[in-house]
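Chain letters run A, B, ... following the sequence lines, proteins first, then strands; residues in each count from 1. Being a predicted model, the structure only gives us computed values, none of them experimental.
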Amino acid sequence: MYNFKEVEKKWQDKWDKEGTFNAKDDYNMPKWFGLIEFPYPSGQGLHVGHPRSYTALDIVARKRRMQGYNVLYPIGFDAFGLPAENYAIKNHIHPKITTEQNIAHFKEQLKSIGFSFDWSREINTTDPNYYKWTQWIFIQLFKKGLAYKATMPINFCTGCKVGLANEEVVNGVCERCGSPVVQKEKSEWMLKITEYAQRLIDDLDDVDFLDKIKAQQKNWIGRSEGAEINFKIKDTDDALLVYTTRPDTIFGATYMVISPEHKFIEKHKDMIENLDEVKEYQEKAAMKSEFERSELNKEKTGVELKGIKAINPLTNEEIPIWISDYVLITYGTGAIMAVPAHDQRDYEFAKKFNLPIKQVIKDKERDLKELTEAYTDIENGIAINSGFLDGLGSKDAIDKAIDYIEENKIGTRKVNYKLRDWVFSRQRYWGEPIPMVYCEDCGWVPIPEEELPLKLPEVKDYEPGENGESPLSKQTEWIKTKCPHCGKEARRETDTMPQWAGSSWYYLRYMDPHNDKALASKEALEYWSPIDWYNGGMEHTTLHLLYSRFWHKFLYDLGIVPTKEPYQKRTSHGMILGENGEKMSKSKGNVINPDDIVDEFGADAFRVYEMFMGPFDQTAPWSMESIRGCSKFLDRVWNLQDILVDGNEYSKEFEVMMHKAIKKVTKDIEEMKFNTCVSTFMTMVNEFSKAKKINKKEYETFLQLLNPFAPHMTEEIWEKLGHKEQLAYTPWPKYDEEKTVDEMIDLPIQVNGKLRANINIKKDEEQDIIKEQVHNEEKIKAYISGKEIVKEIYVPNKIYNIVIK
RNA sequence: GCAGAUAUGGCGGAACUGGUAGACGCACAGGACUUAAAAUCCUGCGGACUAAUAAUCCGUCCCGGUUCGAUUCCGGGUAUCUGCACCA
């Protein structure tokens, strides 16, 4: 009987003691760097979702070692973050302590599953020796003008009086207290990711990411092409600048709309006749909670700025200006020219406020008659009522309109992105201190690099201030410092970095984790870059993945890293749902604890099941019944020892099966089709059991193939077979293409495309001989006798089809 | 609304570039072993129709098309999931 508890412990201890899976410092070997997203060590411990991703790349890593690569498969902890801080506020335990405890627990759990991580390179983002370099990168960003202070609206909880991260706003209310969340202006550190927007799109062409990941990133960056156009304001020298992707519709612009936050209002308040009404609308918009905003979709609201008119530069008509919150201050110029006939939002607004709707595009074929909604078809549209644009298709009209606008100095061609700069400040304790000092005379000055790391001070009180200031703002002693530039009294920044900071470059640190001179040595960076394969969750596609690509590109520009992109290949895993098919959550009571599984079935069964449960990239519900099947399978693998016979070559009987299996497993692992690998293993075991024999060579090859999936049991059997060296570094089995095909084949025969019989033929048999055999087949005779044969189709070794009338 | 994905037995799923649909596993049923249970082993298992067989028909979300042949390709729809969402 197989005792998984004993065996698994034995090998885990051995691996730990001997550092079996540590990467080698031999830079002449071919390398392979596999990466999984390092976990946040939460108090709940490991989730069954973590091992899905970790096992998958563990399998690839183990296979690569057997294929002779110097493998780096590292692990660490992304340990700054809110839960630890919230826990500290409630229980007055320093986040450092809970973090340490949680990490200890995670390590124990991870080791119990037998991942082949290189534990000698473990990192932790809260370690000052680590965040020293996070701070250092920030300073470089500042020096290049990519980090700047700006006043930004943030989420502010009206109950807790605290600034919240987006993740803490759930349905427009505070996650903790349920109070409404409003926008509040705050001075924040920003990172200019927008500067890299185009490169973040373009360089996706050079990497091997799943298409859906590329699509989602492009979508998020949201490039659009159009023009910025100035609309003169009547009786002033001023103009209102708008952004549009449809300059061809400008003849149909019958009014303008600016966002409630637009500076235009303050500037021209003397001209506005209904200023009180306008102010009231502005205030309402500011007070509107996130919840109301997401609710509001339906009805448009707005107020006209009375007493002011703009002039459509193409029609020279006077048009009114409105304010409305359907125009966003954060996109384009915060102002639009409204073309109600050809933009659905403008159409709805115009209908509600009885503004003129002027059609300037017709359809190539259809008669649009009275518009009941905006006509926006760019493919079939043709300009009308548009002067010099008349008769042009929309695409040509756009180009011609922009040319005209540029020639007449009314505006310019312009590319816009939805991507916004990255709000980098958090009014929080448990994060990397931002290494900046404010001096009355010199402004913001970075602390000297030799003073890094700027350590997080010890505090007793983790509560934020009355107005949402960082807890660090109460550390008056710590704040007080000298300006590194002029030496005058100055104060430190009290905001900290977001959790995304430490994870934006962690993969680089793995290459050379103990270096105290640089974030990693030049040699290590040259050798290990780029990451060959990075697997992680889809939920990080537009956050972590994009942020780290941005930082990497910045470091590339500084000449620090050798590649434009950090990750050569990116894949993602599907989520594991609870047994009821719903997302696992404590409140639903459907959480599966990995410890329980390992305890009951063992790590190998756990690993095999996670790979067998379904296609790797798709969500799959957990099943306690199915895992038992995997556990049973492993027992049968163990029991094959009872029917072991001698044999240093594959037996005739199993030769083809062995070569086929090696081929399939070798290929399927690369394609992440782990589920079919496991079913291949199961089929093999069935065959050996049926034959009541397996020879040594067959067993050994089988164990080598299975080893990445079930490393403990396979090592144990390997040792029992008399091997002194570990299986983990034996060469990966090879197959012979010619031997992957059976000599005799069952050839299906169809009549009119329906299967009617099977005949047994020799592989690559002459067609004439097969034809004769087919026509002699009794079943087939019955179908074709007396019928006219129209056609006979033979696909060699695949199928034979007879078409009759 | 935009983007992406998915749809196959009671369940999870398999099927290479268009070539035997349902591999493998779970559940279920029957049998062997056992005083008994568990474990293990063997057999069956998409549906309809016959007596259980042979034969036949239907069957991969729906409708249509291409083809000797379609889960796979094309056109049109439906449903579910994920992300983003008044982005001008």
Side-chain angles (χ1 to χ4, degrees), chain A residues 1 210-216 218-220 222-224 226 242-247 249 253 257 259 293-294 296-298 300 324-328 330-339 342-346 348-349 376 416-420 538-539 541-542 574-575 577 581 583 608-609 612-615 617-630 632-633 635-636 639 664 667 673 675-686 689-690 746-758 779 782 790-804:
Chain A
M1 196 52 208
L210 292 181
D211 286 342
K212 61 176 172 179
I213 296 174
K214 288 188 183 182
Q216 207 168 306
K218 281 184 189 162
N219 212 233
W220 180 261
R223 180 193 157 98
S224 69
V242 303
Y243 174 71
T244 178
T245 55
R246 295 297 301 273
T249 63
V257 187
S259 76
R293 265 187 204 194
S294 52
L296 110 176
N297 270 340
K298 302 271 147 50
K300 296 267 184 293
S324 172
D325 59 8
Y326 85 88
V327 173
L328 309 174
T330 47
Y331 186 77
T333 62
I336 61 157
M337 63 174 205
V339 185
H342 307 293
D343 181 283
Q344 189 58 25
R345 295 151 302 183
D346 297 344
E348 285 163 19
F349 192 82
T376 57
N416 249 323
Y417 302 92
K418 287 188 209 169
L419 184 71
R420 301 189 215 156
M538 268 321 269
E539 70 275 18
T541 303
T542 53
M575 217 186 354
L577 305 174
K583 209 168 163 174
V608 168
Y609 174 63
F612 184 59
M613 64 195 302
D617 60 344
Q618 280 169 38
T619 51
W622 186 268
S623 163
M624 273 305 182
E625 278 162 347
S626 292
I627 191 174
R628 199 156 275 123
C630 293
K632 220 152 70 177
F633 156 72
D635 284 340
R636 299 181 69 199
N639 291 338
K664 181 158 179 61
K667 185 158 155 270
K673 290 160 80 175
N675 52 336
T676 54
C677 290
V678 175
S679 66
T680 301
F681 298 141
M682 288 173 167
T683 308
M684 290 170 88
V685 171
N686 289 345
S689 301
K690 223 189 287 172
D746 265 345
L747 186 75
I749 304 164
Q750 298 183 333
V751 178
N752 282 350
K754 291 199 172 183
L755 177 73
R756 296 302 180 190
N758 273 301
K779 285 180 187 162
V790 182
K791 207 194 237 183
E792 292 183 52
I793 296 144
Y794 177 55
V795 183
N797 302 323
K798 283 265 166 73
I799 204 155
Y800 198 104
N801 191 11
I802 302 173
V803 186
I804 56 170

[X] side-chain proximity, nearest of [options]:
| X | options | result |
| --- | --- | --- |
| A:R756 | B:C57, B:C41, B:U20 | B:C57 |
| A:K300 | B:C86, B:G25, B:G4 | B:C86 |
| A:A215 | B:U20, B:C68, B:A3 | B:A3 |
| A:M682 | B:A15, B:G25, B:A88 | B:G25 |
| A:R636 | B:C41, B:G19, B:U6 | B:C41 |

Base paired to [N] (Watson-Crick or G-U; both N/O distances under 3.5 angstrom):
| N | answer |
| --- | --- |
| B:G75 | B:C63 |
| B:G83 | B:C2 |
| B:G19 | B:C68 |

Identify whether any heavy atom of [X] sits under 4.0 Å from a base atom; if not, whether one sits that close to sugar-phosphate; answer base, sugar-phosphate or nothing.
| X | result |
| --- | --- |
| A:Q750 | base |
| A:T541 | nothing |
| A:V327 | base |
| A:G629 | sugar-phosphate |
| A:T244 | sugar-phosphate |
| A:N639 | nothing |

Can you tell me, in whole Å, how much space there is between the P of B:A21 and that of B:U72? 14 Å
